[in-house]
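Keep in mind that this is a model prediction, so the values were computed, not measured.
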Amino acid sequence: MGWYVRADGLDLWTEQVGTGPDVLLVGGLGDTVESWQFQLDGLADRYRLTTFDNRGAGRTAMPEGPVSVEAMADDAAALLRALDIPSAHVAGFSGGSLICQELTLRHPQLVRSLVLQSTWSVPDAYLRRWGLFVRRLVDTVPDERTFLESFFLDIYTARAHNDGTVDRFIEDALAFPHKQTPEDLKRFLDAVLQHDTTDRLPDIAVPTLVLAGGRDSTSRPELCRAVADAIPGARFAVMEEEAHQPFQEIPDEWNARVDAFWRETEPRTA
């Protein structure tokens with residue numbers, strides 16, 4: 001279903017499904033279009049959803065030169081323009097939420113509303129040390145399965161580990177043919193851990209919803225709340241029993257929340 005879109009000199013692997021108001025979905029560390037599958041399946045009857053592999057992830061190559069959140073935000077902007085999408089509801093999680101923040105700040109005319117899942121403006125000491133832990137994990141684990149089993153301890157709830165959900169995610173990841181290189185993963189990780197939007201968040205002027213997982217040990221609720229507090233008029237909600245990626249663990253509930261937000265920001269008769 002996907003294809004390459006030439007956007008500002010970079011070939012971005014892109015998928016687009018559905019009809020209706022435009023939505024752009026932006027993934028996080030190492031995540032590809034497949035990370036949004038529950039949204040592509042669950043919301044395509046109401047929206048035209050576009051998502052893509054970030055530079056250095058999946059089927060999009062990592063270009064030469066420095067990696068920065070600003071550059072990845074410009075990738076997203078170039079993609080929207082290449083697809084003749086004048087503006088979109090934009091949603092991202094984790095590192096992808098930082099790309100969405102930067103996209104809104106650098107290209108405000110392209111963003112109709114903003115959903116930030118598991119976000120932060122600047123990493124605190126704990127989050128920075130967690131990032132360094134992931135870096136060490138990449139360098140020391142014997143194989144991909146061991147990395148995923150270890151990394152996912154901080155990404156998904158104990159519930160998902162115990163009921164087999166995480167095991168299914170791991171098997172899907174192991175079977176995925178377009179692997180991210182360890183070096184590209186570390187370059188993305190370094191970029192998001194060095195990024196800081198704290199002083200510029202008050203410049204965001206679109207309707208914004210910030211969602212946190214109450215059991216998220218990385219981008220914890222207090223980090224998410226600080227983002228919401230800095231954006232004028234932003235809404236903040238904690239999904240108390242969820243971790244870092246509730247849009248995958250409880251997609252129906254997550255989809256309903258963001259759908260209600262988008263419907264409110266763009267009233268329709270349908």
Side-chain angles (χ1 to χ4, degrees), residues 15 23-43 49 51-54 57-58 72 90-101 114-120 123 126-127 130-131 133-134 137-138 144-145 147-176 180 185 188-189 192-193 209-225 227-228 236-259 261:
E15 289 194 13
V23 169
L24 179 70
L25 302 171
V26 184
L29 176 66
D31 291 288
T32 62
V33 297
E34 287 77 11
S35 65
W36 293 109
Q37 196 60 57
F38 292 118
Q39 286 65 53
L40 297 177
D41 292 340
L43 293 168
L49 301 118
T51 186
F52 63 102
D53 293 355
N54 283 312
M72 290 184 281
V90 174
F93 70 92
S94 193
S97 75
L98 306 192
I99 297 171
C100 293
Q101 292 177 32
L114 189 58
V115 174
L116 303 173
Q117 172 69 61
S118 305
T119 195
W120 63 91
Y126 184 97
L127 181 55
W130 178 82
F133 162 75
V134 174
L137 200 61
V138 172
E144 184 183 8
R145 182 183 294 276
F147 171 77
L148 294 172
E149 289 175 347
S150 303
F151 178 65
F152 285 171
L153 288 171
D154 286 318
I155 301 301
Y156 298 108
T157 61
R159 178 190 69 236
H161 283 272
N162 291 332
D163 69 12
T165 299
V166 171
D167 289 336
R168 292 191 292 274
F169 289 163
I170 288 173
E171 294 306 320
D172 288 344
L174 293 174
F176 187 64
Q180 184 177 44
L185 186 151
F188 183 102
L189 181 64
V192 299
L193 289 176
L209 172 64
V210 178
L211 295 172
R215 297 179 181 271
D216 187 353
S217 62
T218 57
S219 50
R220 304 177 314 286
E222 59 266 32
L223 296 181
C224 300
R225 180 182 289 278
V227 171
F236 175 66
V238 179
M239 305 177 80
E240 293 291 351
E241 299 302 317
E242 303 311 313
H244 196 63
Q245 299 187 180
F247 62 96
Q248 293 175 333
E249 288 199 49
I250 51 168
D252 291 345
E253 180 178 339
W254 195 89
N255 289 356
R257 280 177 180 257
V258 298
D259 179 35
F261 174 68

Please give me the minimum heavy-atom distance between [X] and [Y], naming the atom from each residue.
X      : Y      : result
Phe236 : Ala228 : CB-CB, 3.7 Å
Leu189 : Gly131 : CD2-O, 3.2 Å
Gly30  : Gln180 : CA-OE1, 3.1 Å
Val90  : Cys100 : CG1-SG, 3.4 Å
Ser118 : Ala243 : OG-O, 4.3 Å
Asn255 : Phe38  : ND2-O, 3.4 Å

Side-chain contact, heavy-atom cut-off 4.5 Å: [X] with [Y]?
X      : Y      : result
Leu25  : Leu40  : yes
Leu185 : Phe147 : yes
Glu15  : Trp36  : no
Thr32  : Phe176 : yes
Leu116 : Leu211 : no
Tyr156 : Thr165 : no
Glu253 : Pro246 : no
Gln117 : Ser97  : no

Do any N or O atoms from the side chain of [X] and from the backbone of [Y] form a donor-acceptor pair under 3.5 angstrom?
X      : Y      : result
Arg225 : Leu223 : no
Ser219 : Trp120 : no
Glu144 : Leu174 : no
Asn54  : Asp31  : no
Asn162 : Ala158 : yes
His244 : Ala212 : no

Derivation and outcome, side chain to side chain contact (heavy atoms under 4.5 Å, CB included), residues Gln248 and Trp254
CA-CA 8 Å; Gln248 293 175 333; Trp254 195 89; over 6 Å; no

Would you give the length of the straight line joining atom [atom1] of [X] to atom [atom2] of [Y], rounded to the nearest 0.5 angstrom?
X      : Y      : atom1 : atom2 : answer
Leu137 : Glu149 : CG    : CD    : 11.0 Å
Gln37  : Thr51  : CD    : OG1   : 10.0 Å
Ser94  : Asp216 : OG    : CG    : 8.0 Å

Ignoring hydrogens and angles, state whether a donor on the side chain of Thr157 or Glu249 is under 3.5 Å from an acceptor on the partner side chain.
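Side-chain D/A pair, Thr157 to Glu249: present.
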
Salt-bridged, Glu171 to Arg145, with N to O below 4.0 Å?
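Arg145 and Glu171: salt-bridged.
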
Could you walk me through whether Val26 and Leu24 pass the side chain to side chain contact (heavy atoms under 4.5 Å, CB included) check?
CA-CA 7 Å; Val26 184; Leu24 179 70; 4.1 Å; yes

With sequence neighbours left out, write down each residue that passes side-chain hydrogen bond (donor to acceptor under 3.5 Å, both in side chains) with Glu242, or none if nothing qualifies.
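Here the qualifying residues are Arg159.
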
Are the ring centres of Phe247 and Phe93 closer than 6.0 Å?
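Yes, they do, as the ring centres are separated by less than 6.0 Å.
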
Show, in sequence, the C-alpha distance, side-chain angles and deciding distance for Asp167 and Phe152, and conclude whether the side chain to side chain contact (heavy atoms under 4.5 Å, CB included) test is met.
CA-CA 10 Å; Asp167 289 336; Phe152 285 171; over 6 Å; no

Test side chain to side chain contact (heavy atoms under 4.5 Å, CB included) applied to Thr119 and Leu98, step by step:
CA-CA 7 Å; Thr119 195; Leu98 306 192; 4.0 Å; yes

side-chain hydrogen bond (donor to acceptor under 3.5 Å, both in side chains) evaluation trace for Asp154 with Ser217:
CA-CA 6 Å; Asp154 286 318; Ser217 62; 3.1 Å; yes

